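To start, the structure itself, in structure tokens.
All of these numbers come straight from a predicted model, not from anything done at the bench.
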2 protein chains.
Amino acid sequence: MEPHEPDLTVVPVTSVLAALADDVRLQIVRALAEGGESACGSFDFGVSKATRSHHLKVLREAGLTRTRAAGTSRLVRLRRDELDKLYPGLLDAVLTQRPPA
Amino acid sequence: MEPHEPDLTVVPVTSVLAALADDVRLQIVRALAEGGESACGSFDFGVSKATRSHHLKVLREAGLTRTRAAGTSRLVRLRRDELDKLYPGLLDAVLTQRPPA
DNA sequence: GGTGTTGTTCGATAGTTGTCGAACAAGGGT
DNA sequence: ACCCTTGTTCGACAACTATCGAACAACACC
């Protein structure tokens, strides 16, 4: 089954924003931005693997990530080039860690 | 009663993004970005005034807008300067109308 | 003081979403 | 062949959210 990675231009802006508007998913995106392509299992942010899988699906279907199989693992990476081209400044604005309240 | 307009630095990024991740609210923000300060009633996007009031509250409490009374109306404006300073590129990336699919 | 305009607030409701455990699937190694 | 690791999928459930009509509040104006 194809992993359903849509063309970014057909994804509504609100879907992209909604995908980023979750704490767990934002941590995943930050980890990807810093660490590059990573296995799903490397994102241990206090949720079960079912929940993690769900969040990765949301990110993928919002056009934020790409996934490829590698043995028993799956490697995920940020579609940064496309995102920066279509929404310049979005990722930069969102990824920089904010002051601790 | 104070309209509860929080300091932007204490609003979680996810709240800002969630506020923008709705079609009606995005239309309101776009209208504000283009038309400047406007009365609540000027945002007629096919929802009831109760719903409109709800969306304006979400935007206000996410730190995106400021509201002041003016007679029987209430004038709403975008907190663009603060947003651009704290999240440079965010609004620009989101406000530009996307290609029609 | 009454009437109309403009918004807000209050239930209520339907839909969406985040979360989990359990079951399942696909590989790799021994 | 067996088992372990790695992920996905499947209900199920709680929490949140978008929406509405109706009731209420504040102000202006006659």
**Complete:** Closest of C:dC20, D:dT9, C:dG18 to the A:K57 side chain is D:dT9

**Request:** Heavy atoms only: give me the nearest B:Y87-A:A93 pair and the separation to one decimal.
**Result:** CD2-O, 3.4 Å

**Request:** For C:dG27, take OP1 and OP2 only and decide whether either is under 4.0 Å from a side-chain N or O of A:T72.
**Result:** no

**Prompt:** Considering only side-chain heavy atoms of B:V24, which listed nucleotide, D:dC20, D:dT19, D:dT6, is closest?
**Reply:** D:dT19

**Fill in**
The residue among B:E37, B:E61, B:E82 that forms salt bridge (Lys or Arg N to Asp or Glu O under 4.0 Å) with B:R66 is B:E82

**Message:** Please report the distance, rounded to the nearest Å, between CD in A:Q27 and C1' in C:dG18.
**Reply:** 14 Å

**Prompt:** With a 4.0 Å cut-off, would you call A:D84 and A:R79 a salt bridge?
**Reply:** no

**Integer-rounded Å distance: D:dA18 P and B:L56 CG** = 13 Å

**Item:** Where A:A62 and A:A19 come nearest, the two heavy atoms and their spacing
**Value:** CB-CB, 3.6 Å

**Complete:** Here the distance between atom C1' of D:dC27 and atom CZ of B:R68, to the nearest Å, is 16 Å

**Request:** Pick base, sugar-phosphate or nothing for B:H55, based on heavy-atom distances below 4.0 Å to the nucleic acid.
**Result:** sugar-phosphate

**Asked** A:A39 near the nucleic acid: base, sugar-phosphate alone, or nothing, with a heavy-atom cut-off under 4.0 Å?
**Response** sugar-phosphate

**Asked** Can you find a side chain N or O atom of B:T51 that sits less than 4.0 Å from OP1 or OP2 on D:dC20?
**Response** yes

**Asked** Is B:D44 salt-bridged to B:K49, cutoff N-O under 4.0 Å?
**Response** no

**Asked** How would you label the contact of A:V47 with the nucleic acid (heavy atoms, under 4.0 Å): base, sugar-phosphate, or nothing?
**Response** sugar-phosphate

**Whole-Å gap separating P (C:dT17) and CG (A:D23)** = 18 Å

**Prompt:** Nearest nucleotide by nearest heavy atom, which residue falls closer to the 5' end of DNA chain D, B:A50 or A:S53?
**Reply:** A:S53

**Item:** Gap between atoms CG and C1', on B:L26 and D:dA18 respectively (whole Å)
**Value:** 16 Å

**Prompt:** Given D:dG21, C:dG18, C:dT8, which nucleotide is nearest the side-chain atoms of B:R74?
**Reply:** C:dT8

**Request:** Could you tell me the separation between the CD atom of B:E61 and the C1' atom of D:dT17, rounded to a whole number of Å?
**Result:** 14 Å

**Request:** With B:V76 as reference, evaluate B:L59, B:L32, B:L64, B:I28 under the side-chain contact (heavy atoms from CB on, under 4.5 Å) test and give the passing residue.
**Result:** B:L32

**Message:** Please report the distance, rounded to the nearest Å, between CG in A:L59 and C1' in D:dT8.
**Reply:** 16 Å

**Prompt:** C:dG18 P sits how many Å from A:L20 CG, rounded?
**Reply:** 12 Å

**Request:** From the options D:dG7, C:dG18, D:dA18, select the nucleotide whose nearest atom is closest to the side chain of A:R25.
**Result:** C:dG18

**Request:** Please check the phosphate of D:dG7 (OP1 and OP2 only) for any side-chain N or O of A:S73 closer than 4.0 Å.
**Result:** yes

**Asked** Any side-chain N or O of A:R52 less than 4.0 Å from the OP1 or OP2 oxygen of C:dC20?
**Response** no

**Most 5' of A:H54 and A:K49 on DNA chain C, judged by nearest nucleotide** = A:H54

